[in-house]
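Heavy atoms only: backbone and side chains are in, while hydrogens, waters and symmetry mates are out.
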Amino acid sequence: MTPSEPAEARTQDPTAAPGGGRSAARADGRSGQTATLAEIAREAGVSAPTVSKVLNGRADVAPGTRSRVEELLRAHGYRRRRAEAARSPLIDLVFHELESAWAMEVIRGVENVARDAGLSVVLSESAGRLTPGRSWADQVAARRPHGVVLVLSGLDESQRALLTSRSIPFVVMDPAGDPGADVPSIGATNWQGGLAATRHLVELGHRRIGAISGPPQMMCSRARMDGYRAALETAGLPVDPALIMTGDFHHETGYRLGRELLGRPDRPTAVFAGNDLQALGCYEAARELGLRVPEDVSMVGFDDLPVARWVGPPLTTVRQPLTEMAEAAARLVLELGRAPAVESPTATRIELATSLVVRASTGAPPVP
């Protein structure tokens, strides 16, 4: 070993294989022949200290070399033993966007659990992308947190392999798409919420009910709209595509699409918005058009953010227990971190119940 190699590479490893180099623990926990780090280094054409740097998330490795080593580590099913890695007292919390009161409710939930566990929270944003960038994964590997909670986001295969090889557990809260059968996730009963919101409007006597959905690529948005359609079909009412607008969960979009829906001569008498922010944008559109809520048009949102109680009139909405969902995600990721590395736990999918909160923004439709 040359003097230029780091001290940690010269330290005797208690898990070293008799033939030299560290023994690789199989990711599936089964016994059988395993590769040593020295053997992986020879296959990759690099030194054992370089493989150690990749395993430890060190930044001073060329991208091409890192990719080659990571591929071999995955091929050999290598996963760091939990006892090998000193974890930082952190939970990584990743948002695809970090800009609304919705995010604050989630942060509060994760902070509650982290504080009780003596941990801190690191916030990241993926700038609207549903998958964080590769540099983020490298940074997390270097930080070695107790776990990662991703909100309306996901991981690509290489990122999942990187975190798994470091024994860094991760949980997805409100996954954007299907997270996969082996990815632990926390969600809410979005379909039931959409059904309850629309059924409430139907029971008030509304027959033309508009909808402003969230992004169609998000699983929670699709589920809410499926609940909306189910409520109409169950009541024997047609699902009119002209009354369904595709939004993005932002206030500005709710305002723009609300203007379009409510500015029609045959406007709907009620609107179900895919979240509270879009509902509040629709409020603004109604006011500009000279329409009263709920006398001329009823409104229902989704989330039950604190602002829903403060607006005039207070917003009828579907309560999504965001803080509780975030607490459940943080607790789950810590539980996964305490499990032995050789275990392959069954993926957990937890859904917390939504509930309709009736306030003053809904009423009977106007008399023609």
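For D226 (side chain) and R224 (main-chain N/O), no donor-acceptor pair under 3.5 Å exists by modelled atom type. A donor-acceptor pair under 3.5 Å is formed between the side chain of R222 and the backbone N or O of Q217. Checking side-chain atoms of S361 against main-chain N and O of T316 turns up a donor-acceptor pair under 3.5 Å. Listed for the D248 side chain is a donor-acceptor partner under 3.5 Å among the backbone atoms of H250. For T253 (side chain) and G247 (main-chain N/O), no donor-acceptor pair under 3.5 Å exists by modelled atom type. For R166 (side chain) and R144 (main-chain N/O), no donor-acceptor pair under 3.5 Å exists by modelled atom type. Between the side chain of T354 and the backbone N or O of Q320, no donor-acceptor pair lies under 3.5 Å. Of the possible donor and acceptor atoms, one in the side chain of S88 sits under 3.5 Å from a partner among the backbone N and O of R143.
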task: Go through R68 and E71 one step at a time and tell me if the salt bridge (Lys or Arg N to Asp or Glu O under 4.0 Å) criterion holds.
output: CA-CA 5 Å; R68 190 163 67 253; E71 184 177 350; over 6 Å; no
message: Between S124 and W136, is the side-chain contact (heavy atoms from CB on, under 4.5 Å) condition met? List the steps.
response: CA-CA 8 Å; S124 303; W136 167 85; 3.7 Å; yes
- prompt: After noting the C-alpha distance and the side-chain angles of E284 and R256, does the key distance pass the salt bridge (Lys or Arg N to Asp or Glu O under 4.0 Å) rule?
  reply: CA-CA 10 Å; E284 185 178 350; R256 176 174 55 82; over 6 Å; no
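Grouped with L90 in one hydrophobic cluster are V122, the linkage being side-chain heavy-atom contacts under 4.5 Å among Ile, Leu, Val, Met, Phe, Trp and Tyr residues.
Taking every heavy atom of both residues into account, P238 and L232 meet most closely at O-CD1, 4.0 Å.
Atom CD1 of I209 is separated from atom CD1 of I244 by 11.0 Å, given to the nearest 0.5 angstrom.
Side-chain contact between I168 and R87 is absent, with no heavy-atom pair separated by less than 4.5 Å. Looking at heavy atoms from C-beta onward, S213 lies out of side-chain contact with Y228 at the 4.5 angstrom threshold. Contact annotation: the side chain of V149 never approaches that of D92 to less than 4.5 Å [non-hydrogen atoms, C-beta and beyond]. Proximity of W102 to L152: side-chain heavy atoms (C-beta onward) are separated by under 4.5 Å at one or more points. E125 places a side-chain heavy atom less than 4.5 Å from the side chain of E97. Within the 4.5 Å cutoff, the side chain of N112 has heavy atoms near those of the R115 side chain. Using a 4.5 Å heavy-atom cutoff, the side chains of I186 and V172 are not in contact. Looking only at side-chain heavy atoms (C-beta outward), E233 and V239 come within less than 4.5 Å of each other.
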Acceptor/donor pairs from residues 191-205 side chains to any protein atom, 3.5 angstrom cut, sequence neighbours excluded:
residue	atom	partner	partner atom	Å
T198	OG1	G194	O	2.9
H200	NE2	T362	OG1	3.0

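Salt bridge present: R359 and D304 bring a charged side-chain N and a carboxylate O closer than 4.0 Å. Under a 4.0 Å N-O distance rule, the pair E260/R267 does not qualify as a salt bridge.
In the model, Q278 has no side-chain atom that pairs as donor or acceptor with a side-chain atom of Y255 under 3.5 Å.
The side chain to side chain donor-acceptor pair (under 3.5 Å) contacts involving residues 289-300 comprise H206-S298, R292-D296, where partners must be two or more places apart or lie in separate chains.
Taking the ring centre of F170 as origin, the terminal cationic atom of R160 falls outside the region bounded by 6.0 Å and 45° from the ring axis.
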